[in-house]
Amino acid sequence: MRDDPYPPYSRRPGDMLALDDGFDTPDAADPDFWPLGDDGIPIGEVPDRPRGFRWGRWIMHGLGVGIILLVLIIAWLAITAPLSKSLESPTPPSVTLLAEDGTPIARRGAIIGEAVDAGKLPPHVSEAFLAIEDRRFYSHWGIDPKGIARAAIHNFMAGSVVEGGSTITQQLAKNAFLDSDRNAGRKLREALISFWLEAWLTKNEILSRYLSNIYFGDNVYGLDAAAHHYFSRDPKDLTIAQAAMLAGLVKAPSRLAPTGNLKGARARQKLVVGAMEDAGFITHAEALAAKPAVLHVEKVRELPNGTYFADWVLPAARDSAGEVRDEMTVKTTLDMRLQKAAERAVRRAGLRRAQVALVAMKPDGSVVAMVGGKSYADSPFNRATQARRQPGSTFKLFVYLAALRYGMTPDTLVADEPITIADWSPKNDNGKYRGDIPLRTAFAISSNVAAARLTQEVGVRNVIRAARDLGISTPIPNEATIALGTANVSVLELTSAFAAIAAGAYPVEAHGIADTRAKGWIERLTGGQSALPEKTRRQMLTLLQASVDRGTSRNAQLAVDTFGKTGTTQDNRDAWFVGFANGLVTGVWVGNDDNSPNPGLHGGGVPAGIWRDFMGDALGVGRPAPPPEPVLAEEDDPVGNLIDATIDLVPPSAQIQGQIGDVGLNLSIGGDGRLELAPVEPPASPARDRARRPEEAPAPEDRP
């Protein structure tokens with residue numbers, strides 16, 4: 001008999017047993033074969049262990065690890081973001097702006113309103129914020145997974161961040177004390193603090209604190225302050241339209257503040273009203289009745305402390321620094337030496353009723369000096385950033401850029417002859433025309449008919465595209481008259497366009513603080529600048545230098561290579577000069593606030609003189625020598641009238657002076673076109689001649 005492969009101790013029920021007596025035993029699977037014990041299990045059989053035993057042990061281990069992690073997270077939050085602080089009301093920060101060298105230039109304290117109780121406000125006031133910011137506020141526990149998923153999908157489809165998924169609780173947690181870092185650690189803390197707030201505060205308390213501390217633009221914090229600032233009323237008296245406008249500001253308060261962007265604020269208001277109707281907070285009839293809100297801005301008792309530059313850069317400083325607690329300092333790009341030089345140049349211009357604006361920046365858009373008017377104390381309105389005026393012939397920059405893109409060169413001939421486009425017939429000075437001339441000559445003398453002809457040939461849309469590429473965002477009419485500068489622009493925007501030529505990349509974004517935020521991969525793929533082809537850039541530099549060397553911009557010449565363009569509008573209402581040299585780009589505008597005419601004002605006169613004065617100080621260079629040959633200087637005319645045509649027979653460094661009859665007065669005409677009357681001095685004596693040294697005689701541009 002063969003050996004049994006299974007030892008007796010390993011035999012299993014159901015096996016046929018080979019016994020030593022040689023007799024086959026019955027099948028062990030037979031239930032009658034094995035005697036049963038008290039537990040119902042056959043004697044000698046080892047019972048199987050329950051399947052759930054191993055899972056239970058893992059669950060216990062998981063609970064232990066979870067408790068340890070919870071303790072570690074609470075300890076981490078206690079160190080990095082004390083949870084008790086999240087229950088305190090946030091305090092808006094005070095901002096101190098610093099110049100590039102660290103010198104304080106302005107200080108701003110927030111306008112803070114009284115705390116509001118959401119439960120005591122009219123329902124439509126709170127519902128306006130819920131509809132646009134957090135429609136499921138009363139159903140989530142601080143985090144809204146649906147909102148996060150929806151925002152992620154929309155942002156992915158758009159290729160950039162166009163929608164946020166944060167709840168009102170998360171925004172309160174962020175505003176309470178978190179910094180502006182955009183990383184996973186901060187988002188995790190924000191989520192955990194949101195859960196903490198939901199556990200310790202009621203929904204009404206969370207909403208009340210949110211409404212009491214949210215930023216509404218114009219340095220205003222809290223619903224109470226915003227209601228008084230924009231509408232001169234208490235929050236409980238806000239209408240549906242007014243509440244919707246305020247709720248719409250939360251997304252981008254600096255950009256949508258209605259005092260500076262009423263159109264954008266009203267467009268956002270309309271969106272909020274629609275969201276309120278979709279959410280069932282108001283009826284369709286109430287939505288239709290919500291007309292665009294009308295501002296009634298509360299008067300500020302004190303003048304703002306600071307300067308034009310500080311007013312312009314403050315919103316960006318707040319956005320860059322994030323919701324920082326208490327006091328913060330923000331370093332700007334302002335160069336105090338250049339700022340003082342700009343202010344001196346404006347004072348020396350001897351302006352009377354006319355106003356002035358000046359912006360100086362580096363080719364990368366860093367603004368180093370800004371003057372928004374003759375006196376900030378008299379008028380804090382910033383004409384460099386807020387005013388929109390016709391640019392005149394400076395707009396020809398885009399016409400000629402479009403022509404170069406079209407395949408032309410500075411040597412391409414263009415007909416300087418009368419032309420009629422539709423019912424528009426632009427004219428040159430005194431009706432004089434030169435026939436076929438190179439583009440460089442047409443640009444230098446600022447020929448109106450040549451610019452109109454080029455616009456017709458390359459197409460209006462291509463001219464508009466060139467302007468858009470270089471950063472002009474204001475509306476541009478789709479008509480040939482834009483060749484002579486009929487579209488409104490700001491000094492800041494036009495200067496940025498010229499900076500794009502200097503930099504060789506477009507668009508150039510003007511900024512007053514450095515953007516230290518790391519860009520995401522989507523921004524790197526979809527954003528950024530485009531390089532201007534080097535050949536096109538060299539050709540544009542040729543045209544801009546020709547304007548300065550022997551054209552309308554000769555009064556702006558420096559002892560270094562200078563590039564620029566003048567501009568004058570109908571009836572001499574606006575006069576411009578924008579140009580660059582040695583890595584500094586500057587734009588100057590002169591005109592009246594009421595847009596009234598300025599007889600004798602033109603871009604090659606006072607604006608070019610201010611530009612040269614400032615740039616000379618800024619760069620430490622003087623006027624060139626010898627002076628260039630005079631040429632006929634023509635300017636643009638949006639409606640076909642003569643507005644700036646001057647035969648400059650006086651070299652920029654020369655001066656005409658003589659006595660007027662026997663009335664005892666001397667008349668002097670400076671190279672920059674300024675007139676001066678002075679009493680006739682008595683005959684010079686040797687003693688006085690020795691006392692007055694040549695270096696003490698004031699230069700023409702230094703006279704008031």
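Residues: numbered from 1 along the sequence shown. Values below: every heavy atom of this structure, side chains too, minus hydrogens, waters and symmetry copies. Not measured: the values here are computed from a predicted model.
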- Task: Check whether any side-chain heavy atom of Phe398 sits under 4.5 Å from a side-chain heavy atom of Thr455, and report yes or no.
- Result: no

- Item | Polar contact flag, side-chain donor to acceptor under 3.5 angstrom, Arg612-Asn555 | yes

- Message: Going by ring pair (Phe, Tyr, Trp, His ring centres under 6.0 Å), Trp611 matches just one of Phe577, Phe498, Trp576. Which one?
- Response: Phe577

- Query: Within a strict 4.5 Å, meaning less than it, do heavy atoms of the Met615 and Phe580 side chains meet?
  - Reply: no

- Is Asp593 salt-bridged to Arg383, going by a charged N under 4.0 Å from an acidic O? yes

- Message: With no hydrogens and no angle check, just 3.5 Å: does a side-chain donor-acceptor pair link Ser393 and Ser446?
- Response: yes

- Query: Going by atom types alone, do Asn595 and Arg389 pair a side-chain donor with an acceptor below 3.5 Å?
  - Reply: yes

- Centre of Phe443's six-membered ring, under 6.0 Å away, within 45 degrees of the axis: is that where NZ or CZ of Lys565 sits? yes

- Query: Would you say Leu97 and Phe309 make side-chain contact, with heavy atoms under 4.5 Å?
  - Reply: no

- Message: Within the structure provided, determine whether Asn382 and Met370 are in side-chain contact (heavy-atom separation under 4.5 Å).
- Response: yes

- Within-4.5 Å side-chain heavy-atom neighbours: Phe614 and Val588: no

- Enclosure of Glu509 CD (heavy-atom neighbours >12, cutoff 6.0 Å): no

- Task: Starting from the C-alpha separation in whole Å, work towards a yes-or-no answer on side chain to side chain contact (heavy atoms under 4.5 Å, CB included) for Val578 and Val491.
- Result: CA-CA 9 Å; Val578 188; Val491 179; over 6 Å; no

- Task: Please lay out, stage by stage, how Arg440 and Asp549 fare under the test salt bridge (charged side-chain N to carboxylate O under 4.0 Å, His left out).
- Result: CA-CA 11 Å; Arg440 71 176 78 237; Asp549 286 349; over 6 Å; no

- Message: Do Met361 and Leu492 have side chains that approach each other closer than 4.5 Å (heavy atoms only, starting at C-beta)?
- Response: yes

- Query: Just by distance, with hydrogens left out, do Ser447 and Arg434 show a side-chain donor and acceptor under 3.5 Å apart?
  - Reply: no

- Query: Should Lys362 and Asp335 count as an ion pair when the cut-off is N to O under 4.0 Å?
  - Reply: no

- Verdict with supporting geometry, Ser425 and Thr420, side chain to side chain donor-acceptor pair (under 3.5 Å): CA-CA 4 Å; Ser425 299; Thr420 298; 2.8 Å; yes

- Message: Testing the 3.5 Å rule here: is there a donor-acceptor pair between the side chains of Thr409 and Asp411?
- Response: no

- Task: Please say whether more than 12 non-hydrogen atoms of neighbouring residues, nucleotides or ligands are located less than 6.0 Å from CZ in Arg465.
- Result: no

- Message: Please evaluate residues Thr333 and Ser366 with respect to the criterion side chain to side chain donor-acceptor pair (under 3.5 Å), reporting the C-alpha separation (whole Å), side-chain torsions for both, the decisive distance (0.1 Å), and the verdict.
- Response: CA-CA 6 Å; Thr333 59; Ser366 302; 5.3 Å; no

